[in-house]
Protein chains: 2
Amino acid sequence: MLDVTWELATRKGLSAVTMRAVAQELDVNPMTLYRHVGDKQGLLDGLVERLLLEIEVPEPSADWREQLSLLARSMRAMARRHPDLFLLLFQRPAVTPEAVGPRNAVYDALRAAGLPEERIPRAERLLSTFMLGFAASEAGGRFRDGDPDGDMAFAEELIVQVLAGA
Amino acid sequence: MLDVTWELATRKGLSAVTMRAVAQELDVNPMTLYRHVGDKQGLLDGLVERLLLEIEVPEPSADWREQLSLLARSMRAMARRHPDLFLLLFQRPAVTPEAVGPRNAVYDALRAAGLPEERIPRAERLLSTFMLGFAASEAGGRFRDGDPDGDMAFAEELIVQVLAGA
DNA sequence: ACCTGAACACCGTTCAAGT
DNA sequence: ACCTGAACACCGTTCAAGT
């Protein structure tokens with residue numbers, strides 16, 4: 001069911017994801033969905049989980065600068081593919097099981113940058129918050145007529161600089 | 001009309017803002033709204049404009065660190081008051097007329113920090129993006145069980161450090 | 001020309017009737 | 001006990017009928 005819902009969201013956008021539309025896609029009575037999902041919110045939760053799992057995570061063996069760069073790129077790409085769904089990330093706790101992939105990827109990069117272990121969790125929260133905000137802004141159109149690539153390149157320089165001098 | 005809509009959004013949340021509910025609040029036929037607003041999206045646009053205007057902006061005469069701190073605080077407060085509406089900021093260009101207040105406030109602070117004029121626009125975009133992401137995360141519950149005040153205090157230290165050494 | 005009620009094409013969810 | 005169709009209480013918006 002989640003597969004079909006995800007496919008529907010990808011193909012026609014989040015606004016097309018309704019109980020009734022998903023049910024029709026499955027050739028099933030709308031009420032039948034409630035056996036699997038409890039709620040419309042449950043359906044959306046599943047979609048956000050899936051989005052987190054679809055974010056591509058870099059090799060931990062790569063240069064840490066490259067790790068961060070790749071991670072930022074894949075988050076931005078995911079946001080562009082699912083702009084409305086991406087916004088829901090702000091409404092879910094960052095500590096769900098599906099969130100460990102991306103979080104560990106940031107942990108690995110920060111560790112590789114030489115950041116002391118005790119500073120990593122906070123640094124990850126701040127860095128991820130920035131990346132999320134940036135990707136959401138770009139995908140949502142807040143940067144209209146701007147230069148997101150240039151802005152992100154500059155942000156990466158700054159981040160590398162701060163991490164190198166920490 | 002916008003006053004009543006804003007009041008409704010504040011009192012009962014964004015999901016209670018429907019054409020029909022606003023019309024009822026005004027003791028008017030739902031169709032009458034279309035004379036003033038064209039669209040439901042138009043109603044929401046008005047709400048986001050108002051939200052931007054409601055963000056409290058610091059005195060430009062204060063210490064620049066204090067300016068940034070106050071601005072962050074008022075953005076976070078606004079996000080907590082209107083969590084769903086706040087998310088819509090990501091879906092609107094940052095260059096609307098109502099956005100100049102907050103943007104100029106950041107400009108002023110960066111100028112006071114001694115940042116060269118030509119670097120200010122990009123710095124403002126990155127800084128505002130972080131603040132927006134942070135405020136949205138906190139208000140939306142992404143930081144559940146976290147320590148947003150501590151995280152923000154640390155972020156401010158970092159920002160001051162970067163700006164001082166620029 | 002302007003306004004607006006009824007109507008259309010949807011929603012998510014409850015609940016009672018059917019098996 | 002399980003399942004589900006009809007029904008309920010909503011939506012945003014169109015459009016034709018009324019003034």
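All values reported here derive from a predicted model rather than from experimental measurement. Because only heavy atoms are used, hydrogens play no part in the values below, and waters and symmetry mates are left out as well, while side chains stay in. Chain letters run A, B, ... following the sequence lines, proteins first and then strands; every chain starts at 1.
Rounded to an integer number of Å, the gap from Gln24(A) CD to dC10(C) C1' is 12 Å. Summarising the geometry, the separation between OH on Tyr34(B) and C1' on dC15(D) is reported as 13 Å, rounded to the nearest angstrom. Atom-to-atom, NZ of Lys12(A) to C1' of dC10(C) comes out at 13 Å; the value is rounded to the nearest Å. Counting to the nearest Å, the P atom of dT13(D) and the CZ atom of Arg20(B) are 11 Å from each other. Atom NZ in Lys40(A) sits about 18 Å away from atom P in dC10(D), given to the nearest Å. Spacing between atom CD of Gln41(A) and atom C1' of dC11(C) amounts to 16 Å, rounded to whole angstrom units.
Pair assignment for dA1(C) gives dT19(D), based on Watson-Crick or G-U wobble hydrogen-bonding distances that are each under 3.5 Å. Using N1 to N3 plus N6-O4 or O6-N4 for Watson-Crick, or N1-O2 and O6-N3 for G-U wobble, each under 3.5 Å, dA6(C) pairs with dT14(D).
Here dT4(D) is the nucleotide among dT4(D), dC11(D), dG5(C) with the atom lying nearest to any side-chain atom of Thr32(A). Distance from the side chain of Met31(B) is smallest to dC15(D) among dC15(D), dG12(D), dT13(C).
A salt bridge is absent between Arg103(B) and Asp108(B); no separation between the charged side-chain nitrogens and carboxylate oxygens falls under 4.0 Å. Taking a cutoff of 4.0 Å between a charged side-chain nitrogen and a carboxylate oxygen, Lys12(A) and Glu25(A) do not qualify as a salt bridge.
OP1 or OP2 of dC3(C) has at least one side-chain nitrogen or oxygen of Arg35(B) nearer than 4.0 Å.
When heavy atoms are screened at a 4.0 angstrom cut-off, Met19(B) is found touching the sugar-phosphate backbone but no base atom.
Straight-line distance between the P atoms of dC8(D) and dG18(C): roughly 16 Å, to the nearest whole Å.
In summary, the side chains of Ser69(A) and Glu156(A) do present a donor paired with an acceptor at a separation below 3.5 Å, with no hydrogens or angles considered. No hydrogens or angles considered: a donor-acceptor pair under 3.5 Å links the side chains of Arg142(B) and Thr129(A).
In this structure, the side chain of Gln67(B) engages the main chain of Pro60(B) through a donor-acceptor pair within 3.5 Å.
For Asp39(A) and Asn29(B), each mapped to the nucleotide of DNA chain C holding its nearest heavy atom, the one lying further toward the 5' end belongs to Asn29(B).
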